[in-house]
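Have a look at the structure below before the remarks.
First listed ligand is number 1; within each ligand, the first listed atom is number 1. This one's a predicted model, so the numbers in the text were calculated from it and none came from an experiment.
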Amino acid sequence: MSSENRSRIDLERLPVHIAIIMDGNGRWANERGLKRIEGHKKGGDVVDDITTYARQLGIKYLTLYAFSTENWQRDPEEVSFLMQLLADFLREKREKILNNNIRLNAIGNIDDLPQLVKERLIAVMNESSKNSEMVLTLALSYGSRSEIVNAVKSILRDSSQGKISVDELTEQRFSDYLYTKGMPDPDILLRTGGEKRISNFLLYQISYSELIFVEKKWPDFTPSDLEEAIIEFQRRQRRFGRAKSII
Ligand code: FPP
């Protein structure tokens, strides 16, 4: 991290929650004449670098889109490589997560994951459940529309059992039915890889997030690029639809 940037970040106004769409692994590999899986492998290292940097800086919530519901439709070889990469990540980073007081969390249809990934994920989530410095959330087999539809289904079920009435349903109560229950909404939604799309990620939660799109592909993304994004976030005036800036 450059000391120049460190001084340019206002530590008093850090984003609380940063969510990232880690895009561009495949293209990064293709450009180098490598197989797509090589891009994912390098992407896994970048996950570690960015998590370490965010933790050092004092970011409280980091949410990474690691695998979407749509990603199951990729070549089976690529899917199984990604699942193995996740399983390896959970084994190799377990100690680091625990030692750094990070709580691991997951959002998505966790039951869709292969048994090994699911077991390791749940084990590290349980072991780290009392950690309090940062919440690292992996979005796995995640899709925002299905999250919202599932929330509505649960609300209808609870309503038929008299647990919630129409008048009691507020935005706050609704968000308690989402996977992200208890988490603050992202301050920043960042996407690497040049595309300017949301791709079914946290649609409800990003209503007021600052959207930051960067050209660099995920395997090339560095802590210093994240610093730049935070500086950009701090530069923007956040008004939440009101007239005056509140920060
Ligand atoms: C998008 O790039 C990336 C993914 C679908 C997978 C993200 C996975 C990682 C970064 C590594 C593993 C994660 C962890 C948490 C260990 P793409 O393949 O869609 O790239 P493209 O748009 O260039 O094809």
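Nearest protein heavy-atom neighbour of atom 19 (O) of ligand 1: Arg74 NH2, 2.7 Å. The shortest contact between atom 5 (C) of ligand 1 and any protein heavy atom is with Asn71 OD1, 3.5 Å. Looking only at heavy atoms of the protein, atom 10 (C) of ligand 1 is closest to Asn25 ND2, 3.4 Å. Looking from atom 13 (C) of ligand 1 to the surrounding protein, the closest heavy atom is Val47 CG2, 4.1 Å. Distance from atom 4 (C) of ligand 1 to its nearest protein heavy atom, with residue and atom name: His40 CE1, 4.0 Å. Residue, atom and distance of the protein heavy atom nearest to atom 23 (O) of ligand 1 are Arg27 N, 2.7 Å.
Proximity to Leu85 (heavy-atom distance under 4.0 Å) selects the following atoms of ligand 1: 11 (C), 12 (C). Atoms of ligand 1 found under 4.0 Å from any heavy atom of Ala66 (numbered from 1 in listed order, with element): 6 (C), 7 (C), 8 (C). Interface atoms of ligand 1 facing Phe89, defined by a heavy-atom separation under 4.0 Å, are 16 (C). Atoms of ligand 1 lying under 4.0 Å from at least one heavy atom of Met22, given by number and element, are 1 (C), 2 (O), 3 (C), 10 (C). Taking every non-hydrogen atom of Trp218 and a distance limit under 4.0 Å, the qualifying atoms of ligand 1 come out as 10 (C).
When atom types are taken as modelled, the side chain of Arg55 and the backbone of Met134 share no donor-acceptor pair closer than 3.5 angstrom. Checking side-chain atoms of Asn150 against main-chain N and O of Glu147 turns up no donor-acceptor pair under 3.5 Å.
Here the rule is side chain to side chain contact (heavy atoms under 4.5 Å, CB included) with Ile107, and of Thr63, Leu140, Leu138 only Thr63 fits it.
Put simply, CG on Leu190 and CG on Asp23 are 11.5 Å apart, with the number rounded to the nearest 0.5 Å.
In the displayed structure, Arg145 atom CZ is contacted under 6.0 Å by at most 12 heavy atoms of other residues, nucleotides or ligands.
Using a cut-off of 4.0 Å between Lys/Arg side-chain N and Asp/Glu carboxylate O, Lys41 and Glu38 are scored as salt-bridged.
Nearest heavy-atom pair across Ile212 and Glu232 is CD1-CG, 3.9 Å. Contact detail for Gly193 and Arg27: the closest heavy-atom pair is O-NH1, 2.8 Å.
Residues Asn71 and Ser68 bring a donor and an acceptor atom of their side chains to less than 3.5 Å of each other. Side-chain atoms of Thr222 and Asp225 form a donor-acceptor pair, as typed in the model, at a separation below 3.5 Å.
Using a 4.5 Å heavy-atom threshold, the side chains of Phe233 and Ile9 count as separate.
Geometrically, ligand 1 and Leu82 share no nitrogen or oxygen pair separated by less than 3.5 Å.
Counting heavy atoms closer than 4.0 Å to ligand 1, residue Lys217 contributes nothing at all. Using a 4.0 Å cut-off between heavy atoms, Leu64 makes no contact with ligand 1 at all.
Within the structure, ligand 1 has Arg36 among the residues with a heavy atom less than 4.0 angstrom away. Using 4.0 Å as the threshold, Gly44 has a heavy atom nearer than that to some atom of ligand 1.
Considering each of Asp23, Ile20, Val46, Asp88, the one bringing a non-hydrogen atom nearest atom 17 (P) of ligand 1 is Asp23.
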